[in-house]
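Below is one structure, written out as structure tokens; the observations come after it.
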Amino acid sequence: MKKTTMENFTRGIRDGIPIMMGYLAVSFTLGIAAKNAGLTAFQAGLSSFLLNASAGGYAAFSAISAGAGYIEAAIMVLVANARYLLMSFAMTQKVAPDVPVWKRILMGYDLTDEVFGISISHPGYVPPAYVFGAMTVALPGWSVGTFLGVIIGNLLTAELLSALSVGLYGMFIAVVTPMTKQNRTVLYVVLISMVLSMIFNTVPCFSFMSEGIITIVLTVGISLAAAILRPIKEVRE
């Protein structure tokens, strides 16, 4: 039975609450970086609301701290967030053809790793209302956490901050794990991605590549190989 828009929106809020809690914890460290760059709590919270990305946020605050120009800062953020271009391309296959452009733009605005994870896990086409529901709680969690990080972040110990940052990775694993149980190909892709990611980040000959470039190279390469070797038959409602 097809769900109504409100039902999809409510389900998106439900699935977005764990993401919000993870963002609220992890973004404390981003708030500390913002404070060290000279931003106020309001400026940091607004920046995180407009740029809901950990790597991009750190790149932006690092550029501000270093006194970089606007163009240089924009390029740094673009490189750090380049992986979201790939996620947006992938999401076009999960959105129904009749979804208007303005809804697609709004969905792309907050297409973070975790929101992307729960969206592609949705059976069939993902309803825009579901994504909007997840965004409704996830996005404020990130900006509020950054805001609080500026105010009280320095009161937390390094051990606690480290523990908080690990929580987001655990949440993302929880999002991906059910898919690996349902599809063996996804399991193989995840395992291969983990091994290659470790190699690219530890072998000295790859040290010239930034984390963003490594993510893009591995994503494109592994996805292309999986699409060629184990293509998924299209199923439409």
Side-chain angles (χ1 to χ4, degrees), residues 3 8 11-23 25-26 52-55 80-96 107-108 110-128 130-131 133-135 137-138 142 162-203 205-206 209-237:
K3 293 183 173 61
N8 286 320
R11 183 182 178 187
I13 291 178
R14 184 198 66 188
D15 293 348
I17 289 176
I19 298 177
M20 178 271 292
M21 296 176 65
Y23 284 173
V26 175
N52 192 10
S54 56
N81 288 343
R83 70 184 186 278
Y84 294 122
L85 294 174
L86 303 178
M87 295 183 189
S88 297
F89 292 148
M91 274 293 290
T92 60
Q93 307 303 306
K94 290 289 294 182
V95 180
M107 292 169 67
D110 195 38
L111 192 61
T112 62
D113 302 64
E114 292 73 27
V115 174
F116 174 77
I118 62 174
S119 297
I120 63 173
S121 301
H122 193 282
Y125 288 128
V126 58
Y130 174 80
V131 181
M135 291 169 53
V137 291
W142 187 260
S162 178
L164 291 175
S165 63
V166 172
L168 189 60
Y169 296 103
M171 180 190 62
F172 191 73
I173 292 175
V175 172
V176 175
T177 299
M179 299 179 61
T180 63
K181 294 181 179 179
Q182 299 172 8
N183 193 319
R184 191 172 295 274
T185 300
V186 176
L187 175 61
Y188 294 152
V189 169
V190 170
L191 294 177
I192 292 172
S193 300
M194 292 172 60
V195 173
L196 291 180
S197 179
M198 182 185 67
I199 292 174
F200 270 70
N201 282 281
T202 56
V203 176
C205 63
F206 297 116
M209 301 174 66
S210 66
E211 292 186 5
I213 297 300
I214 291 176
T215 301
I216 293 174
V217 170
L218 292 181
T219 301
V220 173
I222 296 174
S223 299
L224 178 61
I228 294 174
L229 299 176
R230 299 294 296 271
I232 299 177
K233 295 181 180 181
E234 297 240 352
V235 178
R236 292 292 180 257
E237 297 177 346

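We number each residue from 1, following the sequence as shown. For clarity, every value in this text was computed on a predicted model and none was experimentally measured.
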| said: Go through it in stages, so that I can follow the logic: the residues are M87 and D113, the test is side chain to side chain contact (heavy atoms under 4.5 Å, CB included), and I'd like the CA-CA distance, side-chain angles, deciding distance and then a yes or no. | reply: CA-CA 8 Å; M87 295 183 189; D113 302 64; 3.4 Å; yes
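- A donor-acceptor pair under 3.5 Å is formed between the side chain of K94 and the backbone N or O of H122.
- When the side chain to side chain donor-acceptor pair (under 3.5 Å) test is applied to S193, no partner is found at least two apart in sequence or on another chain.
- For the atom pair CZ (F89) and OG (S223), the distance works out to 12.5 Å, reported to the nearest 0.5 Å.
- The two atoms that bring V115 and I19 nearest to each other are N-CD1, 4.1 Å, heavy atoms only.
- To the nearest 0.5 Å, atoms OG (S197) and CD1 (I192) are separated by 13.0 Å.
- In this view, N8 satisfies the side chain to side chain donor-acceptor pair (under 3.5 Å) rule with no residue, not counting sequence neighbours.
- Residues V189 and I222 are in side-chain contact: their nearest non-hydrogen atoms beyond the backbone lie under 4.5 Å apart.
- Counting heavy atoms from C-beta outward, E114 and Y23 have side chains that approach closer than 4.5 Å.
- The CD1 atom of I13 sits 12.0 Å away from the CE atom of M135 when rounded to the nearest 0.5 Å.
- Interatomic distance, I228 CD1 to L224 CG, rounded to the nearest 0.5 Å: 4.0 Å.
- Of the options D110, L111, V126, a side chain to side chain contact (heavy atoms under 4.5 Å, CB included) to V131 is made by V126 and by none of the others.
- Contact record, A53 with N81: CB-OD1, 3.5 Å, taken as the closest heavy-atom pair.
- In this view, I199 and V195, L196, V203, F206 satisfy the side-chain contact (heavy atoms from CB on, under 4.5 Å) rule, not counting sequence neighbours.
- Taking every heavy atom of both residues into account, I120 and G117 meet most closely at CG1-O, 3.4 Å.
- There is no side-chain donor-acceptor pair under 3.5 Å between T112 and Y84.
- The minimum heavy-atom distance between F116 and M91, with the atom names listed, is CD1-CG, 3.7 Å.
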Inset, instruction - Assess whether side chain to side chain contact (heavy atoms under 4.5 Å, CB included) is satisfied between I118 and Y130, documenting all intermediate values. - result: CA-CA 10 Å; I118 62 174; Y130 174 80; 3.7 Å; yes
